[in-house]
There are 2 protein chains.
Amino acid sequence: MRNDSRLSRMLHVLIHMDRQGERATSETIAGMLNTNPVVVRRTMAGLRDQGYVRSEKGHGGGWTLARPLEEITLLDIHRALGNPSVFAIGPADDQPDCLVEQAVNAALADALREAEAMLLARFGQVTLADLARDFDRRFGASGRPPLQDEG
Amino acid sequence: MRNDSRLSRMLHVLIHMDRQGERATSETIAGMLNTNPVVVRRTMAGLRDQGYVRSEKGHGGGWTLARPLEEITLLDIHRALGNPSVFAIGPADDQPDCLVEQAVNAALADALREAEAMLLARFGQVTLADLARDFDRRFGASGRPPLQDEG
DNA sequence: CCTTCCCGTAACTTTTCTTGTTGCGTATTT
DNA sequence: AAATACGCAACAAGAAAAGTTACGGGAAGG
Ligand code: FES
Ligand code: FES
């Protein structure tokens with residue numbers, strides 16, 4: 001089963017946008033993600049609708065952050081992407097007649113619900129600023145000093 | 001992204017096998033799961049290799065439980081199915097050069113690892129016998145008395 | 001024996017979902 | 001007016017899972 005990498009990709013993009021400061025076009029971003037501008041617009045649409053980024057049309061247009069990274073959590077982005085299913089495993093039938101299957105579904109659903117709650121709670125506690133700081137740390141450790149934040 | 005329902009299906013089958021006691025052919029099981037005998041064999045192969053079920057060839061052959069439900073946990077079956085990925089979300093690139101992406105991956109991996117550990121721990125605590133008991137409870141609540149276990 | 005039943009496995013087809021692509025409309029800047 | 005970008009719809013391509021077909025054993029029964 002294949003992974004949905006949209007969350008990972010959007011986080012990546014947003015942090016780059018913050019660090020670069022400038023306007024990013026869908027094409028630039030697509031180049032960064034090795035994908036297509038239309039795919040970028042499609043994915044970013046959710047973030048725009050939720051007010052995390054703004055898009056501007058026309059010459060000189062592109063994407064900009066609408067809020068500081070400090071105010072955006074991983075959970076926010078997850079939600080903005082439409083709350084996609086977190087799990088790769090699930091029931092064969094959501095409303096089975098078979099009572100055995102119902103018992104199986106109930107047990108799995110319980111466990112999955114609990115794990116999802118924990119995961120999303122954690123997502124809610126991590127801001128993109130946290131990730132940006134971790135990037136700075138890695139950047140420093142890699143030899144050269146960070147671009148910004150050299151407080 | 002589509003769900004992998006193999007775990008759910010296998011649990012379903014195993015409990016039915018226990019409750020019915022008789023040998024079940026791949027064709028019977030396939031009928032139960034609305035699928036194909038070859039798919040059943042394919043999926044059950046893992047369980048057989050791990051010693052949870054036995055298969056017998058030839059006339060009168062089929063599948064039988066190799067161990068009592070009490071000794072099989074959800075985690076056992078999950079593992080027997082090859083430890084499939086639990087999550088539908090994941091990184092775009094496992095070994096990215098970009099340090100931002102590395103930071104993103106690290107954060108996500110941490111959270112996912114934790115959630116997976118919790119989920120699998122829970123899977124490890126639930127036996128198929130627990131599910132069978134829940135089935136009995138539901139069966140009782142549905143009107144008629146349970147087939148067995150009316151202790 | 002030899003027929004029937006049943007699993008084991010490989011190869012192939014179908015289905016389904018995601019992603020990628022093209023095309024055109026519209027807004028904005030120069 | 002020309003150039004640049006997003007918005008969106010429609011379609012194509014790709015990949016992964018499931019389903020199917022086919023054939024090769026092995027075991028039981030007559
Ligand atoms: S499938 Fe027939 S009862 Fe569970
Ligand atoms: S994509 Fe993150 S550095 Fe180029």
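Below, read A as the first sequence line, B as the second, and so on, with proteins coming before strands; counting in each chain starts at 1.
Protein atom CE of A:M44 is 9 Å distant from nucleotide atom P of D:dC6, rounded to whole Å. We find that CZ of A:R54 is positioned 19 Å from P of D:dA5, with the value rounded to whole Å. In this structure, A:R42 atom CZ and C:dC17 atom P are separated by 16 Å, rounded to whole Å. Between the P atom of C:dT13 and the CG atom of B:N36 lies a distance of 16 Å, rounded to the nearest Å. For the pair A:I29 CD1 and D:dG7 C1', the interatomic distance rounds to 15 Å; values are reported in whole Å. Rounded to whole Å, the distance from NE2 on A:H59 to C1' on C:dT30 is 7 Å. As a whole-Å value, the separation of B:W63 CH2 from D:dG26 P is 17 Å. Protein atom CZ of B:R23 is 13 Å distant from nucleotide atom P of D:dA27, rounded to whole Å.
Distance CG/B:L33 to NE2/B:H16: 8.5 Å, rounded to 0.5 Å. In this structure, CZ in B:F87 is found 13.5 Å from CG in A:D4, a value given to the nearest 0.5 Å. Between the CG atom of A:D76 and the CE atom of A:M10 there is a distance of 15.0 Å, given to the nearest 0.5 Å. B:R9 contributes atom CZ, which lies 12.0 Å from atom CG of B:L81 (distance to the nearest 0.5 angstrom).
Side-chain N/O atoms of B:R41 include none lying less than 4.0 angstrom from OP1 or OP2 on C:dG8. Regarding contacts with the backbone of C:dC6, every side-chain N or O of B:S26 stays at 4.0 angstrom or more from both OP1 and OP2. An OP1 or OP2 oxygen of C:dC7 is reached within less than 4.0 angstrom by no side-chain nitrogen or oxygen of B:S55. For the OP1/OP2 pair of C:dG20 and a distance below 4.0 Å, the side-chain nitrogens and oxygens of A:T35 include at least one atom meeting the criterion.
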(request) Given side chain to side chain contact (heavy atoms under 4.5 Å, CB included), test B:R23 with B:W63 step by step and report yes or no. (result) CA-CA 6 Å; B:R23 199 149 306 192; B:W63 299 88; 6.0 Å; no

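Across all strands, A:G58 comes closer than 4.0 Å to base atoms (heavy-atom distances).
Each of A:E56 and A:R9 lies near DNA chain C, and the nucleotide nearest A:R9 is the one positioned closer to the 5' end. Toward the 5′ end of DNA chain D lies the nearest nucleotide of A:A24, the other residue of the pair A:A24 and B:K57 mapping further downstream. Toward the 5' end of DNA chain C, the nearer of the two residues A:P37 and B:G62, judged by each one's closest nucleotide, is B:G62.
Between the side chain of B:R48 and the base of C:dG8, no donor-acceptor pair of N or O atoms lies under 3.5 Å.
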